[in-house]
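Down below is the structure, laid out as structure tokens.
Here is the naming used below: chain letters follow the sequence lines, and residue numbers restart at 1 for every chain.
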Protein chains: 2
Amino acid sequence: MTSETDKPDAVDGYLAQWATERPDLDVSPMAIIGRVSRLAALLQVRLDAVFAEYDLQAWEFDVMATLVRAGSPHELSPGSLDRSMMITSGTTTHRITKLEQRGFVTRRRDEDDKRVVHVMLTDAGRMVFDAAQVAHLENERRILEPLSEQHRAMLVNSLRALSGALGDDSDATGAVQKHKSA
Amino acid sequence: MTSETDKPDAVDGYLAQWATERPDLDVSPMAIIGRVSRLAALLQVRLDAVFAEYDLQAWEFDVMATLVRAGSPHELSPGSLDRSMMITSGTTTHRITKLEQRGFVTRRRDEDDKRVVHVMLTDAGRMVFDAAQVAHLENERRILEPLSEQHRAMLVNSLRALSGALGDDSDATGAVQKHKSA
DNA sequence: TGCCAATCTCTTGATGTCAAGATAACTATT
DNA sequence: AATAGTTATCTTGACATCAAGAGATTGGCA
């Protein structure tokens, strides 16, 4: 089931401990799910280090990336940001306020629908983001550099399959319904 | 590079947006790193739902799992828990205190070295954990059920390769040095 | 037209986490 | 012994996040 060719990692260590302590249990799903969770945490540390060089938090980069990705004029409503970033509306308010204080985004009320706010990236925000993004992508490339082309292709394919198992299709804007298990 | 056989997921959507907005940038690393991060968040929601059925937070399950995994007599020092769980000592203190209040663990000072504390799972804690773990593993199996055996094997192998790229070898007890790149 | 339900943003209070440092206990060297 | 450095745990203050709901605005339907 698991290849013997690769060096055992920390999750292999966990699995071995469980095999000793609870040999009656089948803990094999952890080989996938536990690894995804652990790898995400390890990756985050590496990504944060580069964001810090630009005096940015990962969540600040995230907000700005979402605005840039949206295309010109690089503005979205708080509600759209909620859904894109898998966070609650209170968190979005907080993030926008902080970024506004730093001069990276501005708030503007919609004229037609006065409930709506438009969050727009400022020139200063765009400049910081563009610089950070280049470094961020270099960092990501550096992290993946030890992987063979075959391993990268396998990762993309199998991770996409896992996305499918989780129902994360391409028109899922990012929203996640908590405690609503289909 | 990326297979065309699988249904596009949300990350494919992001990549397409970047291809439109910044065609000059090579954002292909996101196909792996972005997916791992997103999948971890999506998985966490699914795992939390089952923990909630046992009135447990994921971090409570984590602490108890670490103690059980350690083997009889199911006790570890706070420092060991820090390192196993990739959290800071302050967080560990808080977690132990909360679990102690719920009667799931006890603190005991070491007789020989009075700096040291032993955190031990209580019978009540062990009973709750054992029940939750069975449900948790069932949940993980259910999540992975849509995946073919081939996809699962690919996932394990390629994720382990990514562990290797991140230097997460089997004697990495869980400790992560922040901002100490190489 | 007037009102009710839906929509959108923001507020509040609680919680888990971290960084930095305080406190206590041990160890090695003199 | 005495002291300095090391180790282990806990404390403090700041902060990002969430759940729940408040406040404001809009749109549909009587």
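One distance of note links NE2 of A/H136 with CG of B/L25; it measures 11.0 Å at 0.5 Å rounding. Rounding to the nearest 0.5 Å places CG of A/L39 at 7.0 Å from CG of B/D168. One finds the CG atom of A/L81 at 11.5 Å from the OG atom of A/S89 (value rounded to the nearest 0.5 Å).
The side chain of B/S77 sits closest to D/dT9 out of D/dT26, D/dT9, C/dG16. Of the candidates C/dC10, D/dA19, D/dC10, the closest approach to any side-chain atom of A/P78 belongs to C/dC10. For A/H94, the listed nucleotide lying nearest its side chain is D/dT17; candidates were D/dT9, D/dT17, C/dG16. Nearest nucleotide to the A/W59 side chain, out of D/dA8, D/dA16, C/dC10: D/dA16. Across D/dT26, D/dT9, C/dA25, the shortest atom-to-atom separation from the side chain of B/R109 is found for D/dT9. Checked against C/dA20, C/dC8, D/dC18, the side chain of B/S89 finds its nearest nucleotide in C/dA20. Side-chain proximity of B/K98 to the nucleotides D/dT25, C/dC18, C/dG16 is greatest for C/dG16. In the set C/dA19, C/dT7, C/dT9, the nucleotide with an atom closest to the side chain of A/V116 is C/dT9.
If you take CG of B/L99 and C1' of D/dC10, they are 17 Å apart, rounded to a whole angstrom. Between the CD atom of B/Q44 and the C1' atom of D/dC18 there is a distance of 14 Å, rounded to whole Å. If you take CZ of A/R115 and C1' of C/dC8, they are 6 Å apart, rounded to a whole angstrom. At whole-Å resolution of the value, CD in A/E100 and C1' in C/dC10 are 13 Å apart. The interatomic distance linking A/D82 (CG) with C/dT9 (P) rounds to 7 Å, in whole Å. Regarding B/Q101, its CD atom lies at a distance of 10 Å from the P atom of C/dG16, rounded to whole Å. Across the protein-nucleic acid pair, A/I96 atom CD1 and D/dA16 atom P stand 14 Å apart, rounded to whole Å. To the nearest angstrom, C1' of D/dA16 lies 13 Å from CG of A/D48.
For B/T93, no side-chain nitrogen or oxygen approaches OP1 or OP2 of D/dT11 to under 4.0 Å. An OP1 or OP2 oxygen of D/dC10 is reached within less than 4.0 angstrom by a side-chain nitrogen or oxygen of B/R107. The phosphate of C/dT17 has OP1 or OP2 within less than 4.0 Å of a side-chain N or O from B/R95. Distances shown here put every side-chain N or O of A/T91 at or beyond 4.0 Å from the OP1 or OP2 atom of D/dT17.
In terms of position along DNA chain D, the nucleotide closest to B/G79 lies nearer the 5' end than the nucleotide closest to the other residue of the pair A/Q57 and B/G79.
B/D112 comes within 4.0 angstrom of the backbone, heavy atoms only, and of no base. Within the 4.0 angstrom heavy-atom criterion, no nucleotide atom of any strand lies near B/T92.
Taking each heavy atom of A/L15 and A/M30 in turn, the nearest pair found is CD2-CB, 3.9 Å.
Under the side-chain hydrogen bond (donor to acceptor under 3.5 Å, both in side chains) test applied with B/D82, the options B/T93, B/T91, B/T88, B/T92 reduce to a single match, B/T92. Across B/K7, B/R35, B/Q17, a single residue satisfies side-chain hydrogen bond (donor to acceptor under 3.5 Å, both in side chains) together with B/D12, and that is B/R35.
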